2 protein chains.
Amino acid sequence: MTAEAKPASPPLTERQEARRRRILHASAQLAGRGGFEAVQMREVAEEAGVALGTLYRYFPSKIHLLVATMQDQLQHMHTTLHKHPPAGQDPAQRVADTLMRAFRALQREPHLADAMVRALTFADRSVSPEVDTVSRITTAIILDAMGLEHPTPEQLSAVRVIEHTWHSALITWLSGRASIAQVKIDIGTVCRLIDVTKPTEAP
Amino acid sequence: MTAEAKPASPPLTERQEARRRRILHASAQLAGRGGFEAVQMREVAEEAGVALGTLYRYFPSKIHLLVATMQDQLQHMHTTLHKHPPAGQDPAQRVADTLMRAFRALQREPHLADAMVRALTFADRSVSPEVDTVSRITTAIILDAMGLEHPTPEQLSAVRVIEHTWHSALITWLSGRASIAQVKIDIGTVCRLIDVTKPTEAP
DNA sequence: CGCTAATCTAGAACAAGTTTCAGACTGGAT
DNA sequence: ATCCAGTCTGAAACTTGTTCTAGATTAGCG
């Protein structure tokens with residue numbers, strides 16, 4: 001059940017894998033400076049040493065590219081979190097800790113965060129599979145933090161709500177409409193749902 | 001404190017007000033068919049009987065235009081809700097009812113919903129004031145449903161989280177990644193936060 | 001009424017995402 | 001080693017959001 005990347009299509013040759021990585025690297029690089037708008041397809045192609053048409057063969061749109069970039073970054077974060085799991089007492093605390101940590105990571109690269117999150121929420125149906133992958137990784141991270149083997153449907157819904165809050169709070173922060181403090185408060189608030197949906201809650 | 005529209009700039013003449021309305025109407029019309037991408041600035045201008053430059057004078061970008069369209073629609077909804085307030089017993093129930101009702105309204109015009117919500121979450125800093133207005137109206141709607149005069153900071157945070165969930169859940173539905181049922185469940189789930197943050201909760 | 005500043009129009013021009021195409025290149029099968 | 005199919009390149013073309021310009025219209029004012 002580990003959420004890995006490519007289930008479909010022909011396996012890539014070494015050179016192709018290298019190209020793909022160069023593209024993703026260029027994307028993250030450009031995003032790290034100016035954010036969403038700074039990721040211009042022509043520039044990504046040039047920086048990755050690849051023709052424009054090739055870029056589009058690998059990633060059929062700018063949104064696809066940025067969502068893939070996010071997948072990449074999330075994988076890193078997931079791996080890192082496995083090595084240093086949150087230490088809190090109860091599940092709600094651990095989830096909040098984890099999200100705060102992720103939030104701090106994003107604060108270090110606000111432009112990159114901007115590009116990735118904007119792409120993620122702007123994605124239309126044609127990007128659903130990729131966005132879904134991102135969502136699955138995020139869910140896995142949260143469930144890991146909760147330490148649950150077999151979450152109840154109720155708990156899964158709570159996790160979904162946490163994800164909703166996480167994404168939307170990030171957006172309000174990125175667009176300058178909410179402060180860092182407010183985002184932290186909102187994360188803390190939504191994590192209470194974990195306690196509310198504890199299976200031991202009902203008589 | 002009623003969230004009205006235009007606090008700034010010179011008051012518009014009658015013809016100008018009419019133009020503005022024609023533009024918003026054309027925008028909603030086109031959005032109602034093909035969604036976000038169907039709202040093309042040239043078409044909006046033509047349908048509204050206005051030059052492209054004029055359209056841009058009234059709304060400095062497509063995002064501004066669609067966010068303004070959303071403001072407009074939300075005002076309607078707010079007014080309607082005042083006439084037929086939710087009838088539930090407790091605040092959480094009333095808020096859930098209200099959001100479900102709004103959700104049903106959006107389901108009737110999924111393309112319009114798509115255009116408005118995508119614009120809202122894609123908006124960058126240059127649209128912050130307008131997005132903030134939308135947010136204030138939404139908050140007002142939720143607070144009305146709760147029936148609170150002086151919400152505590154905790155409750156305001158819960159309302160923010162509800163809004164986050166509302167927007168993000170809409171996005172997952174619009175992009176076909178969540179079913180209507182799932183959105184309803186998530187709304188119900190997040191509304192539990194209202195009970196958790198009742199002031200009578202603490203000793 | 002006649003003037004002036006602001007606004008509006010029509011249309012060209014520009015920017016960035018996306019598509020297309022002809023030709024060069026690569027990898028694998030015979 | 002040769003050939004085929006698929007891939008990559010470079011460049012142009014197309015689309016749609018956005019900007020700009022020159023000339024007509026309009027609104028407000030003396």
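Residue numbers begin at 1 in each chain, while the letters A, B, ... track the order of the sequences. Model, not experiment: these values are computed from the prediction. Side-chain atoms are counted along with the backbone in the values below, which use heavy atoms only and exclude waters and symmetry mates.
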Taking [atom1] from [X] and [atom2] from [N], how many angstroms apart are they, rounded to a whole number?
X: A/Arg57; N: D/dT9; atom1: CZ; atom2: P; answer: 11 Å
X: A/Glu43; N: C/dA15; atom1: CD; atom2: P; answer: 13 Å
X: A/His64; N: C/dG17; atom1: NE2; atom2: P; answer: 16 Å
X: B/Arg19; N: D/dT25; atom1: CZ; atom2: P; answer: 14 Å
X: A/Glu46; N: D/dC8; atom1: CD; atom2: P; answer: 19 Å
X: B/Leu66; N: D/dT18; atom1: CG; atom2: P; answer: 10 Å
X: B/Leu55; N: D/dT18; atom1: CG; atom2: P; answer: 9 Å
X: B/Ile23; N: C/dT9; atom1: CD1; atom2: C1'; answer: 13 Å

Polar contact flag, side-chain donor to acceptor under 3.5 angstrom, [X]-[Y]:
X: A/Asp97; Y: A/Gln93; value: yes
X: B/Thr165; Y: A/His164; value: no
X: B/Thr189; Y: A/Ser157; value: yes
X: B/Ser168; Y: A/Ser168; value: no
X: B/Thr69; Y: B/Ser27; value: yes
X: A/Thr13; Y: A/Arg15; value: no
X: B/Glu163; Y: B/Ser135; value: yes

### Query
Mapping A/Arg15 and A/Pro60 onto DNA chain C by nearest heavy atom, which one lands closer to the 5' end?
A/Pro60
Check: protein-nucleotides 13-17 of chain D nitrogen or oxygen pairs below 3.5 Å:
{"from": "D/dT16", "atom 1": "OP1", "to": "B/Gln40", "atom 2": "NE2", "distance (Å)": "3.2"}
{"from": "D/dG17", "atom 1": "OP1", "to": "B/Val39", "atom 2": "O", "distance (Å)": "3.4"}
{"from": "D/dG17", "atom 1": "OP1", "to": "B/Lys62", "atom 2": "NZ", "distance (Å)": "3.0"}
{"from": "D/dG17", "atom 1": "OP2", "to": "B/Met41", "atom 2": "N", "distance (Å)": "3.1"}
{"from": "D/dG17", "atom 1": "N7", "to": "B/Arg42", "atom 2": "NH2", "distance (Å)": "2.5"}
{"from": "D/dG17", "atom 1": "O6", "to": "B/Arg42", "atom 2": "NH2", "distance (Å)": "2.9"}

Under 4.0 Å between a side-chain N or O of [X] and OP1 or OP2 of [N]?
X: B/Thr13; N: D/dA27; value: no
X: B/Tyr58; N: C/dT7; value: no
X: B/Gln16; N: C/dA6; value: no

